[in-house]
Q: 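Questions regarding the structure given below will be posed in turn.
Both backbone and side-chain heavy atoms feed into the values below; hydrogens, waters and symmetry mates do not. Everything quoted here is computed from the prediction, not taken from an experiment.
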Amino acid sequence: QVQLAESGGGLEQAGASLSVSCLLSGRSFNLFSMGWFRQAPGKEREFVAAINPSGTKTPYADSVKDRFTISRDNPRNTVSLHMRNLKPEDTAAYYCAASHSPLPTPIESTWHYWGQGTQVTVSS
């Protein structure tokens with residue numbers, strides 16, 4: 001089975017930078033599209049960013065596209081989200097997701113595997 005494990009969440013002040021990472025185990029990593037979603041208290045889970053197996057396609061949510069960068073390290077089975085200029089509205093649990101599809105989309109139902117989440121809190 002596929003398992004995903006996020007790490008790197010924490011507490012930061014507005015304007016700071018932070019990276020979260022996700023390790024995939026159980027299958028060949030380079031066959032998966034990888035993505036990040038987030039969920040704030042009282043809010044629905046929302047798409048943040050994704051990356052296709054080769055790393056050539058990286059869609060972002062409009063709210064983060066100028067500040068966040070997604071990357072992957074296929075030999076290490078890892079995907080990362082590098083966040084700059086954090087804002088209080090970025091506060092959420094960040095979830096790693098994997099999809100068998102080579103064309104990642106923001107549609108939650110197209111993602112097959114999910115991690116447990118890592119908390120990112122941004123203070124003002």
Q: Would you find more than 12 non-hydrogen atoms of other residues, nucleotides or ligands less than 6.0 Å from E108 atom CD?
A: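 Yes, enclosed.
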Q: Roughly how far apart are W36 CH2 and S80 OG, rounded to 0.5 Å?
A: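 Here the rounded value is 7.0 Å.
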Q: For residues P104 and S33, report the shortest heavy-atom separation together with the two atoms involved.
A: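 Taking every non-hydrogen atom into account, CD-OG, 3.4 Å.
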Q: Give, for atom OG1 of T118 and atom CG of L18, the distance between the pair rounded to the nearest 0.5 Å.
A: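 Reported to 0.5 Å precision, the distance equals 8.0 Å.
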Q: Between V79, L24, N77, which is the residue that forms a side chain to side chain contact (heavy atoms under 4.5 Å, CB included) with L4?
A: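 Only match with L4 under side chain to side chain contact (heavy atoms under 4.5 Å, CB included): L24.
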Q: What's the separation between atom CG in D66 and atom OH in Y60, rounded to the nearest 0.5 Å?
A: 10.5 Å
Q: Could you pull out the closest heavy-atom pair between Q116 and E6, with the gap in Å?
A: N-OE1, 3.1 Å
Q: First locate atom CD of E46, then atom CD of Q39, and finally report the distance between them rounded to the nearest 0.5 Å.
A: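 These two atoms lie 9.5 Å from each other.
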Q: Do the two ring centres, one from F32 and one from H100, sit under 6.0 Å apart?
A: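 Yes, they do, as the ring centres are separated by less than 6.0 Å.
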Q: So which atom in C22 and which in M34 form the shortest heavy-atom distance, rounded to 0.1 Å?
A: SG-CE, 4.3 Å
Q: Could you walk me through whether K87 and D90 pass salt bridge (charged side-chain N to carboxylate O under 4.0 Å, His left out), step by step?
A: CA-CA 5 Å; K87 302 177 179 181; D90 295 319; over 6 Å; no
Q: What I want to check is whether the side chains of T121 and T91 have a donor and an acceptor closer together than 3.5 Å.
A: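 Per modelled atom types, T121 and T91 side chains form no pair under 3.5 Å.
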Q: Taking a hydrophobic cluster as the set of Ile, Leu, Val, Met, Phe, Trp and Tyr residues connected by side-chain heavy atoms closer than 4.5 Å, whether directly or through intermediates, do I70 and L103 fall within one such cluster?
A: no
Q: Do you know the tightest heavy-atom contact between V20 and M83?
A: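 For V20 versus M83, the nearest heavy atoms are CG1-CE, 4.0 Å.
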Q: Do you know the tightest heavy-atom contact between S19 and H82?
A: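 Nearest pair, atom of S19 first, then H82: OG-ND1, 2.9 Å.
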Q: Hey, does R27 have a side-chain heavy atom less than 4.5 Å from the side chain of Y113?
A: no
Q: Where the side chain of R76 meets the backbone of R72, is there a donor-acceptor pair that is under 3.5 Å apart?
A: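 No: the side chain of R76 does not pair with the backbone of R72.
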Q: Without swapping roles, check the side chain of N74 against the backbone of S54 for a donor-acceptor pair under 3.5 Å.
A: no
Q: Membership question, hydrophobic clusters at under 4.5 Å side-chain separation (ILVMFWY): are L86 and L11 in the same one?
A: no
Q: To check you understand the geometry: which heavy-atom pair defines the closest contact between V48 and F68, and what is its length?
A: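 Looks like CG1-CD2, 3.8 Å.
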Q: In Å, rounded to the nearest 0.5 Å, how long is the span from CD of Q1 to CD of Q3?
A: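 It is 5.0 Å, given to the nearest 0.5 Å.
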Q: Answer with yes or no whether the hydrophobic clustering places Y94 together with V64; edges join I, L, V, M, F, W, Y residues whose side-chain heavy atoms lie under 4.5 Å apart.
A: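 Same cluster: Y94 reaches V64 through Ile, Leu, Val, Met, Phe, Trp or Tyr contacts under 4.5 Å.
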